[in-house]
Amino acid sequence: MLPPEQDLVRDLAEWLPRQRWFGGKDGPIHDITIGTATDLRHGDPALHHLVLDVRQDGTTDHYQLLLGARRDLPDRLRHVEIGGPCGDRAAKARLYDAAHDPELTRVLLDALASGASAGPLRFHHADGARIRTDLASLPMTAEQSNTSLLFGDEYICKLFRRLSPGVNLDLEVNLALTRGGCAHVPAVLGWIELDPGPGARAGGGGEPVTLALLSDYLHTGVDGWSLAIASVRDWFAHTPPPGGGEWAELDASAAGGDFAAEAERLGAATAEVHRALADAFGVTVVPAGEVRAMAARMNAELTATCRAVPGLAPHAKALTEAFLDLASRAGPLPVQRVHGDYHLGQVLRTESGWTVLDFEGEPARTRSERRALAHPLRDVAGMLRSFEYAARFLITKAGSVPSESGPRLETRAHAWAARNRAAFCRGYAAGGGPDPAAHSVLIRAFEFEKAVYEVRYEAQNRPAWLAVPLKSLAHLTA
Ligand SMILES: Nc1ncnc2c1ncn2[C@@H]1O[C@H](COP(=O)(O)OP(=O)(O)O)[C@@H](O)[C@H]1O
Ligand SMILES: O=P(O)(O)O[C@H]1O[C@H](CO)[C@@H](O[C@H]2O[C@H](CO)[C@@H](O)[C@H](O)[C@H]2O)[C@H](O)[C@H]1O
């Protein structure tokens, strides 16, 4: 049922840049080839698993696609159609993103439960996991770089969109932390991988490439971003009592939805996860020379990002100063495995506390960069950036703020961020992590490094959000 490759590739070139998970929106696609195509279900509907090799500006990225094919496309799948009707009249097919079709995603659950293989695809379940196959899937609507399917309220299956060589870090870390008894991560139930085979499929070299991860779905959990945004909204809507004066605009504890107690608990949970990572993977100390090299890399990334996103240039001087400050005071630094892309969307508040998700690191970095050891305050800085994002998101993105309330909301955003940043750091230090207040130079450099990354990330993935990190940088560097 698949159309000729050149027709499919033409349709994909038009469709891919419109997908949230496509990480190359800042440049044209030069070429797409089908790296692997595996039939997972014949008939109508049919399911094909594709790895697309997408060439842009001299680099090739590999994306995973579950391609559905049906003679007639029901209304519920129209929004995920790829191209128009294709094939001759006798073999006419409509193609679409099958992640949205529970009739087809059920094939994945069956294969995971039975430990099947199909062509180069291998389906595994974790030791002792019994996987139910009677659950229908729904794609999540979360703001994310991959696509996650919810099977009932039991499982979450994350389909990695841009593939990285080797075992996925989320899988590696979650298995290690679960084995070490860490209560702050969801249990891994199964995974799908692409066998390296005789060729280097999907850039994997000789290693298998992880395609998907099935975990326990913590259905009572709420992610930290949603909780934080609700708190900021509440604070913005808060009317201070008459006569409160200027101070009332700064006292973010006065709003009903104060987040500070949660931020403090999150800090303590983060310190525990760092300890579990240190126990599972070890700690080493790098000499001052490596810290100076790290500061130089931060600055080189700043230069490259200013070239790609000119809106960053006005902040470059202040950022460089922070990196130079780090280099000039460098001493030996303990490093270990960390989360690597720590923000409010990566933490879930359940009835038993905070759970940490997604140990893959920053999606735009190479696997070895994402696996590199780092000082744990790098994660702390990531979360501090997230408080900045949450504080300014409603002002920058909602577009519904009357201009006369702009300065007042800016003051309030600042007050909210300051209160929650302090609470998080307090919890982290009390939980046994290195005290952020005693490492201000390191934290500032890490925060700026993350902000530079965010500017690049937003330009490539969510251009409509670019103003959020740029505006917050204007405040941090003022
Ligand atoms: N095990 C889980 N239980 C409940 N919700 C989850 C679970 N894993 C992820 N989520 C939800 O999915 C969202 C995106 O997950 P994440 O792993 O960060 O995906 P991505 O790497 O694509 O950004 C999270 O913010 C969270 O709301
Ligand atoms: O969750 P991912 O691993 O896909 O991380 C990427 O996407 C994140 C957004 O979904 C992005 O995070 C940035 O936006 C968040 C709000 O949506 C904010 O809380 C974070 O602080 C900010 O960095 C992340 O950087 C990126 O790697």
Side-chain angles (χ1 to χ4, degrees), residues 19-23 64 99 138-162 164 168-171 173-174 178 184-189 210 212-229 232 266 339-350 354-365 369-370 379-394 396-397 417 420-421 424 446-447 449-462 464-470 472-473:
Q19 306 313 303
R20 162 67 178 89
W21 43 262
F22 181 65
Q64 160 173 224
L138 260 183
M140 273 191 75
T141 54
E143 187 47 54
Q144 64 171 143
S145 303
N146 296 291
T147 300
S148 293
L149 306 178
L150 303 185
F151 285 96
D153 57 13
E154 296 279 315
Y155 309 140
I156 180 163
C157 181
K158 177 148 91 165
L159 296 171
F160 300 109
R161 289 300 196 160
R162 180 154 52 183
S164 308
N168 177 273
L169 304 193
D170 212 9
L171 176 60
V173 172
N174 270 311
T178 310
H184 294 289
V185 290
V188 173
L189 302 170
T210 310
L213 177 60
L214 186 77
S215 316
D216 240 354
Y217 178 55
L218 306 172
H219 68 275
T220 60
V222 183
D223 69 89
W225 175 257
S226 308
L227 290 172
I229 290 298
V232 175
L266 178 59
H339 182 280
D341 188 16
Y342 205 43
H343 59 79
L344 286 162
Q346 312 280 41
V347 291
L348 275 190
R349 179 67 164 101
T350 69
W354 284 100
T355 302
V356 178
L357 308 168
D358 191 5
F359 287 83
E360 279 182 275
E362 292 164 343
R365 302 213 189 266
E369 285 169 340
R370 291 185 286 118
D379 283 345
V380 170
M383 193 54 81
L384 297 183
R385 289 285 315 132
S386 208
F387 288 122
E388 295 292 329
Y389 250 74
R392 295 212 160 68
F393 168 79
L394 294 176
T396 318
K397 286 284 294 160
N420 288 287
R421 288 167 62 105
F424 177 78
F446 280 144
E447 257 202 87
E449 177 195 31
K450 183 75 189 183
V452 170
Y453 164 83
E454 285 165 350
V455 166
R456 174 70 70 94
Y457 177 86
E458 300 302 2
Q460 290 177 329
N461 292 270
R462 303 186 295 191
W465 285 59
L466 183 55
V468 180
L470 287 178
S472 104
L473 267 174

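Indexing begins at 1, ligand by ligand and atom by atom, following the structure's order. No hydrogens, no waters, no symmetry mates; every other heavy atom, side chains included, goes into these values. Just so it is clear, the structure is predicted and the values come from calculations on it, not from any experiment.
- Residue-level proximity to ligand 2 for Arg20 is carried by the side chain, the only part with a heavy atom below 4.0 angstrom.
- Counting heavy atoms only, Arg462 comes closest to atom 14 (O) of ligand 2 of the residues Arg462, Glu362, Arg161, Gln346.
- Comparing Tyr389, Tyr342, Trp465 by heavy-atom distance to atom 18 (C) of ligand 2, the nearest is Tyr389.
- Thr178 is linked by a side chain to side chain contact (heavy atoms under 4.5 Å, CB included) to Val185, counting only residues two or more places apart in sequence or in another chain.
- Contacts between Leu348 and ligand 1 below 4.0 angstrom, taking non-hydrogen atoms only, involve the side chain exclusively.
- Taking a cutoff of 4.0 Å between a charged side-chain nitrogen and a carboxylate oxygen, Arg456 and Glu362 do not qualify as a salt bridge.
- In this structure, the side chain of Arg365 does not engage the main chain of Arg370 through any donor-acceptor pair within 3.5 Å.
- Using a 4.0 angstrom heavy-atom cutoff, Gly221 does not count as in contact with ligand 1.
- Across Tyr457, Phe387, Phe359, Trp225, heavy-atom proximity to atom 16 (C) of ligand 2 is greatest for Trp225.
- Looking at ligand 2, you won't find any N or O of Arg385 less than 3.5 Å from one of its N or O atoms.
- Close N/O approach between Lys158 and ligand 1 is found [any backbone or side-chain N/O within under 3.5 Å].
- Among residues two or more places apart in sequence or in another chain, the side chain to side chain contact (heavy atoms under 4.5 Å, CB included) test is passed with Asn461 by Arg20, Tyr457.
- The distance from ligand 2 to the heavy atoms of Tyr453 drops below 4.0 Å at these ligand atoms: 25 (O), 26 (C), 27 (O).
- Contact annotation for Leu357 and ligand 1: only side-chain heavy atoms (C-beta onward) come within less than 4.0 Å of the ligand.
- Short contacts between ligand 2 and Ser386, defined as distances under 4.0 Å to a heavy atom of the residue, involve ligand atoms 18 (C), 19 (O), 20 (C), 21 (O).
- Of the heavy atoms in Val468, none comes closer than 4.0 Å to ligand 2.
- Contacts between Ile156 and ligand 1, counted as non-hydrogen atom pairs separated by less than 4.0 Å, involve the side chain only.
- Between Phe393 and Trp225, the two ring planes are perpendicular [angle over 60°; tilted spans 30° to 60°].
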